[in-house]
Amino acid sequence: MQAVILAGGEGQRVRPLTHSQPKVMIPVANRPILDYVIESVEKCGINDIIVVAGYRKEQVIRYLNDLDTGVSVVVQKKQLGVFDALRCAKDLIKGDFLLIPGDNYIDSESLSRLKAERNAMLTAEHPYPSNYGVVSVSGGMVKGISEKPALAESMTVSTGCFSLTPDIFNYPATCMIPDIITDMAKNGRPIRAVPANRWHDAIYAWDLLKMNRMALEMVKPSISGNVSKSASITGHVSIGIGTVISPYAVVSGDVVIGENSYIGPHTCIMPGTSIGSRVRVEPFTYVENSILMDDSSVGSHCRITDSVIAKGAKLGSNVAVEPSYSAVEVDGHFFKAFFGSVVGDNSTVAPFTVLKHCVIGNSSAVENGRIIEGFLPDGSIVK
Amino acid sequence: MCGIVGYVGERNAAPIIVEGLKCLEYRGYDSFGLAVADGTATDGGGKLTVVKKQGRISDAGSDVSLACGNIGIGHTRWATHGVPSDVNAHPHTDCTGDIAVVHNGIIENYAELKKTLIAEGHVFKSETDTEVIAHLLEKFRNAAAEKGLSGIEKVDFAVKNLMDTLEGSFALLILIRGFNGLIAIKRFSPLVLGIGDDELFASSDMTPILEHTQKILFLEDNDYAYLMPDGIRLFGYPSAKTVERDVKTVDWDVESAKKGGYEYFMEKEIFEQPAVFVNSFRQKIDDGAVSVLKKASSITVVACGSSYHAGLIFRYLMEKYCKIPVRVEIASEFLNFTTAKGTVVIAVTQSGETADTLAALRHAKANGCPVFAVTNVLGSSVTRIADYVLYTRAGPEISVAATKSFIAQCAVLLRIVSIIGKGIFEKELFEIYPVLEETLLFDPADASAVCKDAENIFYVGRGVYYPISLEGALKMKEITYIHAEGCAAGELKHGPFSLLTPKTPVVAVCTKDDAYPVMISNIKEMKARGAPVIAIGSGGDADLKEIADIFIPLPRSKNICEVISATIILQMIAYNTAVLLGRDVDKPRNLAKSVTVI
C-alpha cells in the first residue's frame, strides 16, 4: 500500500509562521509536523510514500532529502485544493492508497485501522467543528460532508485522512474532495467512518503550543552538549550537541533544546518549552510553555510564557509577556484564545517591551519599550 | 577528464557499471562504453564483450545492461584525443580482442608509442591515446610468454613494463581474457577502490561505490592493484612489493548525491548553502596550520574558475582587515611567475584534481613555499601534495556550475581571515544562518525575465563586490550561454561603457559600504546610457530602489553577511534564467565538472 502525504498548502491561518516555510515544516518539539506524519505512516507499515510539495517546495524537499528513508516527491505548481494535489501524484499511484494531510498530527494506530478498510475516512470529534469538513455519520457509514459550515450539524469532523482506490481519478479534475466523498456515499460506494485515536491540528499559530506539549511527551530524553555541573536538569529533557547550559540554569522537563544553542546562567527553562538550534537565552530569563525556533534570541531578565518566537526573531532584555484568555479577531470573526505572544521571523523587540496577547508579523521592529497588543502586520515598525 | 568504473564480484557486472557511470556523468558525457568478462568460465571461455556508444549513458537503451559476466569495466568519456564517436569511446582493445582498457588521463608519449606499435604490425582502430595501452599490454604479454612466464607472472611482467613505458597521467582499469579479475593502475589521475561483501569496486570517485559499500581504499600514485574475487592485491611501482593502504569508512550519504525532488542538482545545491557555509566556517583548523598562516609575510592563492573568484574575495578582505598582501593567480598562468620565500601558497580546488592547480602547487612547493589546499574531496590528489589541507564541507557537488562548493570555499577562506584578524568576523558569521535562509526566499522571476532576452549582460561592483560580479557573470554565461561580463564598476568608463545600450542589462551590486556613494553615481551614469539596471542592495535602501529598474533588497544584516547573500542572489538569477531558457542546467554544453587536463 502507498501513502500520499499532502504538504503543498501554505496554511495561511498559521501566519505569520508560514513566511519562510509551509505549515507542514513548522517545528513542534523541534521536528517539523510533517516528520510526525511520516513517522506514523511508516510505523503502520507503509514504506512507499509520496509527498506532494507546493508552497515553498524547496524547503520541504531539502528536509525530505535528509531523511533516512526515501520518499518520492511530486510538485503541485499552484495550490488548487486537495483533489488537485492528489492528482499530481496520480502517475505514481499503483493501487489502493492512503491520503493524509501533512500538517496534522495523527497516530499510527489510527492509520493502521484506516489501512484495513477500502474507501474509508478517519473522523474525529472537535469542539469547534466549523473549521473543518463536518461529517454526518449513520451506522458507521458516511452520509455526507459539509465543508466549513457556519452552523455545524454534529461535532464529528473529517481529519482529512482517507483510504482510497485509484478509481477516484475518474472524477473530473475540477471536483473537490468533500463533493466526491458525498457523491460516492450516495451512489452505492459506501465510505466507512473510522474514528481516530489521537489527532491534533493547529489551526492558528497559538494552537501550536498545545501540539508542542503533546509532542514533547514523546521526546526521548538525551543529554548532549556542554552542561554545567551546577545547572539543574530535571524531568524529561533532550539537549542537542554543541549546546551550552550555563551554571545555575534550571531546566525542568518536558523540554527539548536543539544544537549549538546557548542557555545563559540563572535562566529557568520550564515545562512545555521547545528551543531550536543556534538559539541564545541570556542570563536571568524565564521561559515557560513556549516555542523558540532556530536562530532566535531572548535577552536577559525576560519572562517569556505561552509564546511562539519564530526563526531569527530577537527579543531585547527585560521583555515581559503577559498571557491572557481574551478575544482575537480573525477574518472578521471574534473568538477567545489563550496565549501570550507570537513573534514572526526576523522581527526585533526592544528592551522593556510588554507583549500582551499580541501577534507581531515577520521582519517587524518594535523600536522602543512599550506595551504591544493585538496584531501587527509583516514589516511593521513601532517607534 | 573522464569517469571510470570497475566491478568484480558475484553479481552481473553490466547493470552495476551502467549505474556507476551515471553517477560519474558530471566528469564527461560525450560517449561511454563497457566491457565485461565471465570470470567463472574455464580457460578458453571468458571472452570479453565490449559495448560502446557515442552519447550520454543516461540516454542509453537497456541493451547496454544485457552483456553477461561478473567482471566489468566502464567509462564515460570527455574527448581529449579524437572526436566523440563510437570508435573513440572506451574501452579500447588490442588486436586480439582479449584485452580491454578504460583510461582517465593523458598519455603524453602516445604518438611515438603508436608509431612503434604500428611498425610492429599492430592495427589501430581509434584516434585515442588510450588504445596504445591495450596494444602495449598485448606486446608485453607476448614477450612474457616467450620468456616462458605464465599465469600471474605474465600479468606482473606486462604491468611492470607498461608502467615503465607510459608517460603522463592515467587511472586505468584493465580486463584480460583468462585473468579472473581486473587490474587497476593509478598515476596522477584519481582512482579509488571500494570493498564490499565478496565484491570489489573501482571508480574515479566515491559516488558510484557508495551505493554498495562505505569502505573506501584510496590508492596513491604509482599503486597498482589486482581486484580478484578473493580479494585485493596491492603493489607499489617500481618496487613491485606489496603495499598497505588504509581503508576508510566514508559516511557520505549516497542519497545526498541524488537530487530528491529538485528539478536540477544546481537548485538542490543552492538550497544547501546555509548549512554548507556554517559547517565550513565552524570547523576547527589545525594549530600548526594557523601558526604558519600567522607568520606569512604574504599569501598567494592559485585557483581556476569559481575558485579563483573565491580567492579574489579573500584578497579584498585579507588586505583590508589584516594588512597582509595577497596575490591571486590563475593556476594555468602561475608557472610564469616567481614566488618569494616566506609566501604561503593556497591552492583552492573543489575536486582536488584540477590539473592546472596541481601543477601550480607543485611549482610552489619546488620553490620552497609552505603550501595549503582548500578542497572538497577527501583523499584527492591535492591533499597529497599540500602541507596543510583545509576541507570545505560542501558534500558532493554534481552540477557542473559551482554553487555550494564556492560558498564553502568562501567560508573557509573567511575563516582564515577571521583567525588572522583576531576573530573579526566570528560573531557576524555565527549569525549568518537565518540571513542565508531569508536570502533563499528571493524570487528571481523579474530579474530573469529581463536577462533571458539579453545577448549581453554586464555585472558591476566595487571592492569585494567586484569578484562577486565576476562570479555572477560566470554563473550566467556558463549555464545560460548568454554572454556576461563582470567588471569593476570604475573600469566601465575605460571601455565597456561603449557597449551599453537599452538592450544590455546591468546587474549592479551596491550595498551600503564605503563604496556606496561612488557606486550610486556609477549606476546613474549607466542608467543615462539607457541600460536597464538590476540593482542588488541593502534591505530598505530607498534611494537605490528609486534609481534601479529592478531592486533586489538583501536581508538586513551585517556587511560581511551581505557579501554571501549577494552571491546567492546572483546564483539564483542565473539558475532561473537558464531554466526559463530551457538549458540543461546541470550539464552545460562543452563543460565538465573537474578539469583534469592542462
Side-chain angles (χ1 to χ4, degrees), chain A residues 7-8 18-21 25 50-77 88-89 92 242 258-262 276-280 293-297 310-314 344-348 362-365 379 381, chain B residues 211 251-279 281-284 395-396 398 404 427 429-444 539-540 553-557 561 565 568 571-572 575-576 579:
Chain A
T18 55
H19 161 67
S20 61
Q21 62 199 355
M25 289 302 294
I50 304 159
V51 175
V52 184
Y55 175 76
R56 299 270 188 237
K57 62 178 190 314
E58 298 82 4
Q59 274 72 11
V60 179
I61 293 170
R62 182 173 62 186
Y63 152 74
L64 293 173
N65 281 338
D66 284 342
L67 292 180
D68 294 337
T69 49
V71 299
S72 313
V73 183
V74 294
V75 174
Q76 183 189 23
K77 292 239 162 65
C88 296
L92 297 178
E259 298 176 3
N260 298 311
S261 287
Y262 166 80
S277 294
R278 301 174 300 276
V279 173
R280 278 187 80 81
M293 295 187 191
D294 292 351
D295 301 293
S296 60
S297 68
K311 292 194 282 189
K314 292 190 166 27
D345 284 6
N346 303 318
S347 289
T348 55
N362 299 295
S363 305
S364 295
I381 294 177
Chain B
E211 195 144 341
D251 58 359
W252 267 11
D253 178 9
V254 71
E255 281 301 314
S256 74
K258 295 184 177 169
K259 59 184 163 190
Y262 288 109
E263 215 171 330
Y264 290 100
F265 279 110
M266 183 168 172
E267 185 185 25
K268 174 178 182 277
E269 287 156 6
I270 285 174
F271 276 84
E272 286 169 1
Q273 293 181 114
V276 163
F277 185 93
V278 170
N279 293 341
F281 185 76
R282 286 194 170 193
Q283 63 178 310
K284 285 216 163 59
I398 303 298
K404 63 172 178 173
K427 188 164 179 293
L429 290 175
F430 275 134
E431 291 177 5
I432 199 172
Y433 191 94
V435 176
L436 300 186
E437 281 288 321
E438 188 70 19
T439 308
L440 289 173
L441 301 178
F442 161 65
D443 179 1
L554 297 170
R556 286 166 199 266
S557 60
C561 299
S565 280
I568 294 178
Q571 292 169 349
M572 291 173 84
Y575 170 78
N576 203 50
V579 172

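With A:Arg62 contributing its side chain and B:Phe271 its backbone, the two residues share a donor-acceptor pair below 3.5 Å.
Note that CD of B:Glu267 is 5.5 Å distant from NZ of A:Lys57, once rounded to the nearest 0.5 Å.
The nearest pair of heavy atoms linking A:Gly312 to B:Pro434 is CA-CB, 4.4 Å.
Of the listed residues (B:Arg556, B:Glu438, B:Arg282, B:Glu431), the one with the most heavy-atom contacts under 4.5 Å to chain A is B:Glu438. When each of A:Lys311, A:Gln59, A:Glu58 is checked for heavy-atom pairs under 4.5 Å with chain B, A:Glu58 comes out on top.
With a 4.5 angstrom heavy-atom cutoff, A:Asp294 does not touch chain B via any of its atoms. Only the side chain of A:Arg56 comes within contact range of chain B, judged by heavy atoms closer than 4.5 Å.
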